[in-house]
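Scroll down for the structure; my scribbles are underneath it.
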Amino acid sequence: MGDSGTAAPSSQTVDVDGRHLKVSNLDKVLYPLTGTTKADLIGYYVAIAPTMLPHLAGRGVTLVRHPNGVGEPGFFEKRCPSHRPDWLDTVDDPGDKRGAIAACALDEPAALVWTANLAALELHTHMALGDDLDTPTMLVLDLDPGPDVDLSGCCEVALWLREVLDSVDLMGFAKTSGSKGMQLYVPLNTPHDYDHTSSFALAMGQLLAKREPKRVLTEMTKAKRNGKVFIDWSQNTRHKTTITPYSTRARDRPTVSTPISWDEVSAGAEGEPLSFDIHDVPDRVEEFGDLFADTLTLKQHLPQRG
């Protein structure tokens with residue numbers, strides 16, 4: 001990213017792969033606890049763009065914007081703003097009962113810089129591509145810890161889920177949520193519908209809940225969640241989105257939803273901290289590559305419905 005200003009002025013024009021963008025309020029603090037500014041956020045997305053963009057390509061993106069930083073309320077934006085640059089395309093998003101809407105197509109580094117300039121601190125994507133909204137390319141299980149459970153408990157449940165997947169010759173990939181929990185993705189990249197992915201995800205959760213009733217549940221009832229991990233299987237529907245790999249989160253710190261290895265999941269189950277922010281993740285990618293790369297190409301088939 002190059003700029004036309006000097007001494008990092010609050011607003012300037014930047015060059016991102018030949019796209020000229022005006023970015024503003026670069027010294028705006030978006031994360032007061034860490035002093036992280038909009039300039040820092042933009043710098044992260046420039047660095048992570050080559051790794052993150054394949055996970056955004058072709059999918060409708062919901063922006064979670066916090067123009068005044070994480071200390072103030074933010075808002076969701078599904079429809080791509082009309083003031084977007086003329087080079088920024090759109091992709092179909094399931095939208096609402098009135099039909100599909102045009103979401104932002106984030107398919108190049110400049111698009112990520114543009115969203116960062118909007119203070120979009122979170123990017124959420126669908127399980128399906130915009131050109132085939134009824135065909136999920138993957139299944140997701142969101143592991144959400146209840147009271148008195150930390151990330152180590154989620155890691156333990158993820159390892160149990162991996163055993164279930166192994167039993168039916170499926171591979172899963174784990175990532176932190178960037179918040180309290182984590183997600184487990186099962187790439188498909190073969191024809192499936194949401195009824196199939198949803199019912200299989202529920203069956204996996206119910207199997208574990210029956211086996212480990214004191215540790216796992218599949219109902220969202222808050223009164224039952226103390227000391228347990230909620231396996232949220234309901235993300236596998238046409239309209240729901242999940243935090244995109246490598247997206248920042250609107251938390252106290254600029255944490256990132258970060259792909260992790262199964263060795264790290266095992267270490268996490270033993271209490272190893274698994275929280276990564278915008279300063280950690282580019283170095284991780286340089287060392288380990290994209291631990292989620294195979295989710296884009298690995299072809300798998302869920303067991304046939306009975």
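Below, all heavy atoms of this structure are taken into account, side chains as well, without hydrogens, waters or symmetry copies.
Geometrically, Arg211 engages Trp160 in a cation-pi contact, judged by NZ or CZ lying under 6.0 Å from the ring centre and within 45° of the ring axis. Both tests pass for Arg284 against the ring of Phe276: distance under 6.0 Å to the centre and angle within 45° of the axis.
Thr34 and Thr36 share a donor-acceptor pair across their side chains, judged by distance under 3.5 Å alone. Between the side chains of Ser257 and Lys175, at least one donor N or O lies within less than 3.5 Å of an accepting N or O. If you check the side chains of Lys240 and Ser234, you find a donor sitting under 3.5 Å from an acceptor.
Under a 3.5 Å cut-off, the side chain of Tyr45 and the backbone N or O of Thr248 do form a donor-acceptor pair. In this structure, Trp262 contributes its side chain and Gly172 its backbone to a donor-acceptor pair below 3.5 Å. Side-chain atoms of Asn117 come within 3.5 Å of backbone atoms of Ser24 as a donor-acceptor pair (strictly under, hydrogens ignored). Panel note: side chain Arg65, backbone Leu118; a donor-acceptor pair is recorded below 3.5 Å. For the pair Asp193 (side chain) and His196 (backbone), a donor-acceptor distance under 3.5 Å is present. Remark: side-chain polar atoms of Lys228 are not paired, donor with acceptor, to backbone N or O of Gly146 under 3.5 angstrom. Side chain of His20 to main chain of Thr13: no donor-acceptor pair is present (N/O by atom type, distance under 3.5 Å, no hydrogens or angles). A donor-acceptor pair is defined here as one N or O able to donate and one able to accept, closer than 3.5 Å; such a pair exists between the side chain of Arg249 and the backbone of Ser177.
Across all their heavy atoms, Cys155 and Ala269 have their closest contact at CB-N, 3.5 Å. When every heavy atom of Pro187 is checked against every heavy atom of Thr295, the shortest pair comes out as CB-O, 3.5 Å. The heavy-atom pair separating Leu53 from Asp107 by the smallest distance is CD2-C, 4.0 Å. In terms of heavy atoms, Tyr185 sits closest to Ile243 at OH-O, 3.5 Å. Of all non-hydrogen atoms in Ser198 and Asn236, the two that sit nearest each other are CB-O, 3.6 Å. Taking each heavy atom of Trp87 and Ala111 in turn, the nearest pair found is CH2-N, 3.8 Å.
In this structure, the side chains of Met171 and Asp294 stay at 4.5 Å or more apart for every pair of heavy atoms. Between Cys104 and Pro81, the closest side-chain pair of non-hydrogen atoms falls below 4.5 Å. For the pair Val186/Met138, no side-chain contact is recorded, criterion being any heavy-atom separation below 4.5 Å from C-beta on. Side chains of Gln12 and Leu26 form a contact here, defined as non-hydrogen atoms less than 4.5 Å apart. Residues Leu161 and Ile231 meet the side-chain proximity criterion, which asks for heavy atoms closer than 4.5 Å. Looking at Thr190 and Gln300, their side chains never come closer than 4.5 Å, going by heavy atoms from C-beta outward. Side chains of Asp290 and His55 form a contact here, defined as non-hydrogen atoms less than 4.5 Å apart. Residues His192 and Phe200 form no side-chain contact, since every pair of their non-hydrogen atoms from C-beta on lies 4.5 Å or further apart.
For residues 137-159, every residue pair satisfying the side-chain hydrogen bond (donor to acceptor under 3.5 Å, both in side chains) rule, not counting sequence neighbours, is listed here: Arg59-Thr137, Asp142-Gln183, Asp144-Arg225, Asp150-Ser152, Glu156-Arg215. Pairs engaging residues 123-136 under the side-chain hydrogen bond (donor to acceptor under 3.5 Å, both in side chains) rule: Asp93-His126, Glu122-His124, Thr125-Thr244, Asp132-Thr135, Asp134-Arg238 [sequence neighbours left out].
Atom NZ of Lys180 has 12 or fewer neighbouring heavy atoms from other residues, nucleotides or ligands inside a 6.0 Å radius. Shown here is Glu163, whose CD atom has more than 12 heavy atoms of other residues, nucleotides or ligands within 6.0 Å.
A distance of 10.0 Å separates CD1 of Ile278 from OG1 of Thr255, quoted to the nearest 0.5 Å. Here the CD-OG1 distance, from Gln235 to Thr197, works out to 11.5 Å after rounding to the nearest 0.5 Å. With rounding to the nearest 0.5 angstrom, the CG atom of Leu208 is 7.0 Å from the CD atom of Glu212. Rounding to the nearest 0.5 angstrom, the gap separating the CZ atom in Arg79 from the OG1 atom in Thr90 is 10.5 Å. In this structure, CG on Leu56 lies 6.0 Å from CG on Leu112, to the nearest 0.5 angstrom. Taking OG of Ser179 as the start and CG of Asp252 as the end, the distance is 10.0 Å to the nearest 0.5 Å.
Following chains of ILVMFWY side-chain contacts shorter than 4.5 Å, one can reach Met204 starting from Leu188, so the two form part of one hydrophobic cluster. One hydrophobic cluster, built from ILVMFWY side chains closer than 4.5 Å, cannot hold both Val91 and Leu63; they sit in different ones. The hydrophobic clustering, which links ILVMFWY residues whose side-chain heavy atoms are closer than 4.5 Å, places Val64 and Leu30 apart. Linking ILVMFWY residues whenever their side-chain heavy atoms come closer than 4.5 Å, directly or via other members, leaves Leu139 and Leu298 in distinct clusters. Cluster annotation: Leu170 is connected to Leu202 through the hydrophobic network of ILVMFWY side chains, with a link wherever side-chain heavy atoms come within less than 4.5 Å.
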Chi angles and distances behind the side-chain contact (heavy atoms from CB on, under 4.5 Å) call for Tyr246, Val285: CA-CA 10 Å; Tyr246 303 105; Val285 170; 3.9 Å; yes
Trace of the side chain to side chain donor-acceptor pair (under 3.5 Å) decision for Thr37 with Tyr31: CA-CA 7 Å; Thr37 64; Tyr31 295 85; over 6 Å; no
Residues Thr241, Lys78; criterion side-chain contact (heavy atoms from CB on, under 4.5 Å); working and verdict: CA-CA 11 Å; Thr241 58; Lys78 281 183 170 287; 4.2 Å; yes
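Taking the six-membered ring for Trp and thresholds of 30 and 60 degrees, Phe292 and Phe173 have ring planes more than 60 degrees apart, a perpendicular arrangement.
Every residue meeting the salt bridge (Lys or Arg N to Asp or Glu O under 4.0 Å) condition with Asp277, not counting sequence neighbours, appears here in chain and number order: Arg253.
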